[in-house]
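Note sheet for the following structure.
Chain letters run A, B, ... following the sequence lines, proteins first and then strands; every chain starts at 1.
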Amino acid sequence: MDFDIKRLGFTLLGLLIVLNWGLLMSSIMRKLGARVAKRYGIRWFQPWLDLVKNYALRSQISHGIMFYLGPVFRIGGGVGLFLFMPMIIGSELWLNYSFHGDLVLLMYFQFFGMLGMALGSGEGGHPYSAIGISRGLSQFTTIEVPMTLAIISLAIQYDTLSLIDIVKAQQGGFQNWTMWTNPVATIAGMFSLLGALSHSPFNLVKAPNEIPIGPPTEYHSTFLGVLQTNAAILHVVEAALFMNLFFGGATNWFEFILKTFFIYFWSVFVGVVFPRFRIEQSVAWFLKIPLVFGVLAIILYM
Amino acid sequence: MSETKNNNKFENPHYAKREVTGPDGKQFIVDPIKDYFSDERPKVYEPNSIPVVEKFLNWARAESLWVLGFGTGCGSIEIPPLMTPRFDAFRFGIQSRPTPRQSNVFIISGYLAVKTLKRVIRSYEQMPSPKYVLALGSCTINGGMYFDSYNTINRLDHYIPVDVYVAGCMPRPEALLAAFNRLKELIKEGKGEKANEYAANFDWYKENQKKIIKDWNMPDYNW
């Protein structure tokens with residue numbers, strides 16, 4: 001393929017929009033959580049301040065090369081997921097580079113960052129990091145199982161693994177969304193999304209009041225800034241993936257923002273209602289209810 | 001495995017220098033104090049040379065204060081109401097962090113036992129620069145009601161530099177919020193440079209710390 005400067009420019013602009021929307025969305029959701037707890041909550045621009053502050057801290061301590069590469073791998077996973085994700089359907093330029101990869105590549109990028117963090121925080125040498133990362137990987141493995149089954153069900157239904165084709169097949173009215181044409185796979189997917197966005201019932205891995213903060217225990221200043229940047233991008237892109245798979249994609253930025261907001265809100269809504277699971281409870285839960293829906297979705301479309 | 005005895009009778013056996021046989025049969029020497037800790041001295045970090053940039057960064061630092069979740073004395077009971085609906089410090093950009101690596105503010109909440117002082121020094125030195133200290137209660141100023149105790153220190157700023165003192169026994173969460181606002185003013189004026197002061201007067205602080213802590217079995221600087 002030829003190098004296209006215009007496409008690159010639009011992709012970078014899209015990354016900027018997604019980053020800022022992710023930061024704004026996280027502050028809105030934290031404010032909603034605070035209102036449920038009868039607090040006023042953080043100011044809406046707090047995530048930007050935290051980001052600037054963390055990048056501006058003066059001293060840094062490294063534990064070795066892999067410690068540096070951990071956050072780099074993590075943001076590589078987040079940005080990689082963004083690059084191969086079609087943002088706006090119908091616009092040639094907002095499709096990013098999605099024609100180069102398919103769903104299997106996207107699923108790989110979801111796991112890629114976790115593995116990078118595992119290596120990086122392992123070199124940090126803190127025992128809490130090692131425990132946190134083993135918990136995180138075991139939980140994420142069980143999240144991937146129902147998610148993969150839902151995606152295989154969709155692949156059988158639409159007879160393709162290309163995300164653009166799946167979205168295009170859902171155009172022409174909300175009754176064409178996968179949500180209506182394949183509700184069982186949608187249920188399995190939305191349950192696994194709860195774990196992928198790691199809000200309350202499934203946030204033991206990175207909760208500050210469990211063994212302190214899990215994998216990023218040793219990460220500080222710029223390292224933590226990179227991880228925060230990635231979290232903002234990843235939350236939007238994960239929501240965009242599910243929007244494309246189950247809710248008909250977006251044809252303009254307004255629709256994109258509305259749909260990603262409500263998909264993210266689903267995990268926050270569940271989060272403020274249900275208390276945190278222990279790790280063996282969440283692993284058992286993912287291997288029970290979402291897995292049953294995932295297997296059903298496959299059987300129905302065999 | 002043979003162990004070499006250290007002259008210090010308070011030596012922690014986990015930190016002792018020793019020869020270890022690895023899983024592949026090779027023998028090597030482990031010296032945890034040297035291997036796991038850095039013996040580099042702290043550095044004085046100059047502020048950004050462009051005044052406008054430094055002012056902007058100071059504004060961000062002042063409005064995003066992450067507090068280390070480490071309660072040293074009875075004053076730590078004032079922290080939960082500070083963060084919960086009654087006083088809700090999140091409104092002012094104050095959030096708590098569980099690890100010293102990610103914190104900027106250390107609240108010394110009340111009396112400081114000698115045993116705790118050791119942990120306070122280690123945690124303080126692990127925090128990234130610039131870092132700030134709030135000293136809560138009379139005990140940190142002159143010893144308060146524990147002024148003649150055999151086991152508590154009287155003046156905190158002989159051991160670590162303090163940005164803002166809050167007098168009282170105990171100061172209420174309102175006083176703590178006022179202290180946070182004072183700290184914000186100081187940082188925005190560019191006066192929140194106590195971490196550099198600690199680095200510049202490192203020998204004086206270490207001398208004071210070692211006078212109090214008799215079982216000094218850690219390196220001089222705890223990265």
Side-chain angles (χ1 to χ4, degrees), chain A residues 23 26-27 30-64 67 121 123-129 132 206-225 227-228, chain B residues 32 35-38 40 42-48 53-54 56-70 82-105 125-131 187 192-193 195-196 199 221-223:
Chain A
L23 291 171
S26 75
S27 82
R30 283 183 66 186
K31 268 188 106 65
L32 287 175
R35 293 298 164 92
V36 174
K38 300 203 173 171
R39 285 190 292 111
Y40 183 76
I42 57 168
R43 295 160 295 183
W44 66 269
F45 51 91
Q46 191 70 47
W48 282 273
L49 285 176
D50 291 347
L51 209 57
V52 171
K53 193 257 328 234
N54 272 330
Y55 280 121
L57 285 177
R58 290 176 188 150
S59 63
Q60 284 169 17
I61 298 118
S62 172
H63 295 276
F67 188 77
S121 61
E123 194 168 28
H126 201 290
Y128 290 164
S129 303
K206 275 207 255 179
N209 36 7
E210 298 300 329
I211 56 170
I213 218 155
T217 305
E218 280 288 304
Y219 282 106
H220 56 283
S221 59
T222 317
F223 302 117
L224 191 65
L227 291 179
Q228 282 179 316
Chain B
D35 294 350
Y36 298 159
F37 300 94
S38 166
E40 205 178 324
K43 275 180 249 165
V44 176
Y45 292 92
E46 292 298 322
N48 199 305
V53 176
E54 182 63 16
F56 170 70
L57 295 182
N58 276 339
W59 173 72
R61 282 170 194 146
E63 295 299 330
S64 163
L65 294 171
W66 289 4
V67 180
L68 178 61
F70 180 9
L82 186 72
M83 307 311 284
T84 43
R86 179 83 187 269
F87 295 101
D88 191 19
F90 287 97
R91 290 175 295 162
F92 306 102
I94 297 158
Q95 301 168 56
S96 68
R97 286 318 257 191
T99 149
R101 292 275 189 230
Q102 298 175 2
S103 326
N104 317 110
V105 183
E125 291 181 346
Q126 284 182 23
M127 284 158 63
S129 173
K131 48 195 165 189
I187 299 170
E193 301 289 347
N196 283 343
Y221 198 65
N222 301 280
W223 282 104

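Of the atoms belonging to A:Glu218, heavy atoms from both backbone and side chain fall under 4.5 Å from chain B. With a 4.5 angstrom heavy-atom cutoff, B:Phe56 touches chain A only via side-chain atoms. Only the side chain of B:Arg97 comes within contact range of chain A, with heavy atoms under 4.5 Å apart. Both the backbone and the side chain of B:Pro47 come within less than 4.5 Å of a heavy atom in chain A. Looking at A:His126, there are no atoms closer than 4.5 Å to chain B (heavy atoms on both sides), in backbone or side chain. When heavy atoms are compared at a cutoff of 4.5 Å, B:Glu46 approaches chain A solely by way of its backbone atoms N, CA, C and O. Neither the backbone nor the side chain of B:Ser96 has a heavy atom closer than 4.5 Å to any heavy atom of chain A. Within the 4.5 angstrom heavy-atom criterion, atoms from both the backbone and the side chain of A:Leu57 approach chain B.
No donor-acceptor pair under 3.5 Å is formed between the side chain of B:Glu63 and the backbone N or O of A:Gln46. Here the side chain of B:Arg61 pairs a donor or acceptor atom with the backbone of A:Ala56 at under 3.5 angstrom. A donor-acceptor distance shorter than 3.5 angstrom exists from the side chain of B:Gln102 to the backbone of A:Pro216, with no hydrogens or angles considered. Panel note: side chain B:Ser129, backbone A:Ser59; no donor-acceptor pair is recorded below 3.5 Å.
The environment of B:Arg86 atom CZ is sparse: at most 12 non-hydrogen atoms of other residues, nucleotides or ligands sit within 6.0 angstrom. When the shell of 6.0 Å around CZ of A:Phe45 is examined, it contains more than 12 heavy atoms from other residues, nucleotides or ligands. Heavy-atom neighbours of B:Phe70 CZ from other residues, nucleotides or ligands within 6.0 Å: above the threshold of 12. Atom NZ of A:Lys206 has 12 or fewer heavy atoms from other residues, nucleotides or ligands within 6.0 Å.
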message: Please determine whether side chain to side chain contact (heavy atoms under 4.5 Å, CB included) holds for the pair B:Arg101 and A:Leu224, giving the CA-CA distance in whole Å, both sets of side-chain angles, and the decisive distance to 0.1 Å.
response: CA-CA 10 Å; B:Arg101 292 275 189 230; A:Leu224 191 65; over 6 Å; no
task: Evaluate the side chain to side chain contact (heavy atoms under 4.5 Å, CB included) criterion for residues A:Asp50 and B:Trp66: first the C-alpha distance (whole Å), next the side-chain angles of each, then the deciding distance (0.1 Å), finally the verdict.
output: CA-CA 9 Å; A:Asp50 291 347; B:Trp66 289 4; 3.5 Å; yes
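When all heavy atoms of B:Asp88 and A:Gly41 are compared, the closest pair comes out as OD2-N, 3.0 Å. Summarising the geometry of B:Thr99 relative to A:Thr217, their closest heavy-atom pair is OG1-O, 3.2 Å, with the distance given to 0.1 Å. Taking every heavy atom of both residues into account, A:Arg39 and B:Thr84 meet most closely at CD-C, 4.1 Å.
With chain A as the partner, the residue from B:Ala62, B:Pro85, B:Ser64 showing the most heavy-atom pairs under 4.5 Å is B:Ser64.
With a 4.5 Å cut-off on side-chain heavy atoms, B:Asn104 and A:Lys53 count as touching. Considering only heavy atoms from C-beta on, B:Pro128 stays 4.5 Å or farther from A:Gln60 through its side chain.
The distance from atom CD of B:Gln126 to atom NE2 of A:His220, rounded to the nearest 0.5 Å, is 10.5 Å. Atoms CZ and CZ, on B:Phe90 and A:Arg43 in that order, are 12.5 Å from each other to the nearest 0.5 Å.
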